[in-house]
Colleague: 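Please find one structure pasted underneath; my questions will follow.
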Amino acid sequence: MEIIVTHTNTDFDALASLILAAKLYPEAQLVLPGSCERNVRDFLTQYPHGFNIKKSKHINLNKVTKLILVETRQPTRVGKFATLTDGKIPIHIYDHHPTQEGDVEGELMEVKEIGATVSIILEKIREQNLTISPLEATIAALGIYEDTGSLTFSTTTSSDISAVAYLISCGADLKVIARFLEKELTVDQIFILNDLFHSLQVHQIDDIEVVIAKVVIDKYVGDLSVLAHKIIDMKSLEVLFCIIGMEEKVYLIARSRTNKVDVGDILALIGGGGHKNAASATIRELSIEEVEKKLLEILHIKLATTKEVTTPPFHLFPRNIKQLMGKNLLIPIQNILKLVGEVGDRLKVNVYVVGGFVRDLLLGKATFDIDIVVEGDGIEFAKKLTEKTSGYYKSHERFKTANVVFPNGFKIDIASTRQEVYEHPAALPNVATGGIYADILRRDFTINAMAIQLNAVHYGELVDFVEGEKDLKEGFIRVLHDKSFIDDPTRIFRAIRFTSRHDFSLTLHTKELIIKSATKDLFSRLANQRIRDELVLILNDDNPAEAILQLQEFGILKYVHPSLQFGEKESLLFKKIAHTFFYFELIIGHKPLEKWLIYLLALIDKLSKEEALKFMQHLKFTKLQQKTVIKDKECSQVLTDFLKTHKRPSPADLYQHLIGVPLEVLVFIMAKVETLENEEIASQIKKQIVFFLTELVNVKVSITGEDIKKLGLKPGPIYKEVLDKVLAAKLNGKLRSKKDELKYVSEMNKKKSRDGSFSGNFL
Ligand code: CTP
């Protein structure tokens, strides 16, 4: 049996493609793999005998000999028929979606990026001189009208327009089309629409206004895509994302009316699909806030790249990137760069901003680390710059570098162009002067070896001798010369950190060089504190789990310390920590956390206190850091034991145990318990910590020492005892107002008069 299948959540283009494909495959059975959009359902109820379409449950997969897929080639969108895409039977495909990862390959592929799939099928029908009925013409026209926004979307092509003209000549009924295109809303949908309207938030990303609307619904409501249509129309928006939380899933519906934003492409990165103008995704593992955060991250990356990609490839990052600087840099940063250029002009020296700053600017990331290189004397330059800004500077004669500090505390680094000559591998460099070319060639990787000139006449000119922007675009970490890692072995850590941070790859040659140079001998020459600094940078960076795993795979982790191992347990713990960060921020908002410390606790979790101390001493962590980490390690153990054994401590008891515990320890505990097998205990412990952070930590006593004094108690250490007891009673919900607190103290006082102390059980 041949079958024709389209996608679930069937819309008019899908239905029309299904019905018209039957003209090309008269023997085939039409099948709907799942649910349909509401207006399609309504249409099918009105024409119950019009088409012979079966539901998926009536199809025996074993009997299928050929699969014809229309309006999709994503296996995830065809329900149980995905199992037929394993290459065992022939597949024909008709689809207008852009290519996506995971697409099915067919032996016949009619794939074109045009307004509607049914237009592709109609071309074939016309080539074969097949006839279509007025009802079929109506449904086909409905499909085209719907998918092209009545021929207004930018994906509309002349084939779609000519298809509609032909369909009308075949008797397509425009009245029916108008009726079904106008989607009336249900009461539930109207309420949701209202909530979505109230939640609209505009994000200016580059030169594009992206609008995000969010809502959580407590019951299932179908056909939410129509709401996105309504909002984008009523508000005349260009790009809209609706994030809807419903029944433990998050639905993401996107619409775009600009060529600059391909929502199909964007949602593909979050597990969804669709095309340029309309796309959707269903996400199970993330919360609505996590989805929004992820979406914004993707948008910032995608929209920056999209803009660049639309220019011819050779000018991927235009030679003069003044405009990009104007758009992506904060005004104070731009002002500093211009001032640096002016001072350069005055001293008649070329000045550049270099390294990570340029890389991050081209990646569209906010960046504040300004490294300036002067083709001349950097210290002299720092002096002149300071005169102009009334800040101050510190110079390092040996390295010919300086730090300039502005009156508001903002710092920039100044260096003289130099060629570094290393006395022996892993030593600090000797400095000899050279031009910007030499300065660039001494750097670690091509993506970090770009500069932008700042002198007025050349302001914004990108200096890129090493095709750094190409590697940045293609996602490669590439050394500039073969001795790079021998000169500076910390670059091995940096290479791994950058690949993990950006999900980049090492070029084959760079990888080989790491394997060759990462020897015991090389690392033993490297000062331990430099290894420590690199480890902390890795643990503070975006994807420490991946970086530590790579260190282990390259056999380098043992040089950090022989006791370290990154097995399944540690890897899971790292993952849980990353997840807890999101969760934590959600509960208590953004708090500055020492990320490295939390990951370090995870890394040394298996070690005993003594082994952990030895590890920290070996890596030359400061005494204070050693003390903090060991204390936190012990505290996390003691607290976890307490929380495990006390299922329902009184709020006051919980407060007493958790108050003053660093947030890093709480994050660590929450992540660690998630790796415990017993989910119930994990959830109980997490709930207690969340309860403490959201409810208890902010409880304050209303009365003051003055109030106690008025009650006749003599000032002294006893005041603290009284206030602690009041707080405990308040935490336990016994005191609601200041009056209650005063009454409580006065009763304590009376009791004290009776038994001469406060140690009686008042709580
Ligand atoms: N650099 C190098 N070799 C190193 C360290 C740094 O060549 N071992 C060069 C790179 O050109 C780098 C620049 O110095 O871009 C600045 O280094 P740094 O501020 O440490 O790092 P960034 O590249 O800015 O990276 P991050 O975003 O992690 O700060």
Side-chain angles (χ1 to χ4, degrees), residues 329 333 352-374 378 396 399-403 411-422 425-431 434 436-452 462-469 471-472 476-504 506 510 513-514 517-518 522-523 525-527 529-544 546-547 556 595-596:
L329 297 175
I333 302 273
Y352 306 85
V353 58
V354 290
F357 183 92
V358 182
R359 175 198 68 217
D360 287 348
L361 169 70
L362 292 173
L363 282 172
K365 279 178 54 175
T367 166
F368 303 98
D369 254 341
I370 301 184
D371 286 321
I372 299 294
V373 163
V374 181
H396 314 279
F399 298 110
K400 292 248 173 282
T401 60
N403 311 110
K411 251 196 248 161
I412 65 173
D413 292 338
I414 315 272
S416 316
T417 49
R418 60 197 190 181
Q419 222 163 358
E420 279 168 10
V421 184
Y422 293 82
L428 289 169
N430 268 335
V431 178
I436 187 72
Y437 183 70
D439 180 274
I440 287 213
L441 291 188
R442 80 177 170 83
R443 291 176 181 271
D444 53 1
F445 311 114
T446 55
I447 63 161
N448 291 338
M450 289 177 276
I452 301 168
L462 182 69
V463 180
D464 179 16
F465 305 121
V466 292
E467 298 204 304
E469 88 273 42
D471 280 341
L472 197 59
F476 282 119
I477 302 297
R478 185 193 307 273
V479 281
L480 299 184
H481 59 88
D482 286 6
K483 277 180 62 201
S484 190
F485 295 130
I486 310 268
D487 284 347
D488 181 356
T490 61
R491 288 178 172 169
I492 295 179
F493 294 94
R494 287 172 61 82
I496 288 172
R497 180 156 59 89
F498 290 127
T499 55
S500 311
R501 180 196 291 177
H502 300 296
D503 202 10
F504 280 8
L506 299 165
T510 305
L513 287 175
I514 293 185
S517 44
L522 188 79
F523 285 107
R525 268 187 254 155
L526 192 61
Q529 50 266 49
R530 292 188 71 196
I531 298 187
R532 173 205 63 205
D533 289 347
E534 292 302 325
L535 177 67
V536 169
L537 282 172
I538 282 179
L539 297 179
N540 261 334
D541 219 304
D542 282 349
N543 195 353
E546 175 57 31
I556 297 168
K595 264 181 71 184
W596 68 271

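Counting starts at 1 for both ligands and their atoms, following the listed order.
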Colleague: Hey, could you give me the CZ/CG distance between R501 and D541, rounded to the nearest 0.5 Å?
Modeller: 4.0 Å
Colleague: Less than 6.0 Å separating the ring centroids of F504 and F498?
Modeller: no
Colleague: Under a strict 4.0 Å criterion on non-hydrogen atoms, which protein residues are in contact with ligand 1?
Modeller: G355, G356, R359, D371, R443, D444, N448, D488, T490, R491, R494, R497, F498, R501
Colleague: In terms of the angle between their ring planes, are F445 and F485 parallel, tilted or perpendicular, with boundaries placed at 30° and 60°?
Modeller: tilted
Colleague: Does some side-chain heavy atom of F357 sit less than 4.5 Å from a side-chain heavy atom of I333?
Modeller: yes
Colleague: Less than 4.0 Å between a side-chain N and a carboxylate O, is that true for R442 and D488?
Modeller: no
Colleague: What verdict does the side chain to side chain contact (heavy atoms under 4.5 Å, CB included) test give for L361 and I452, after you've listed the backbone C-alpha separation in whole Å, the side-chain angles of each residue and the deciding distance to 0.1 Å?
Modeller: CA-CA 11 Å; L361 169 70; I452 301 168; 3.6 Å; yes
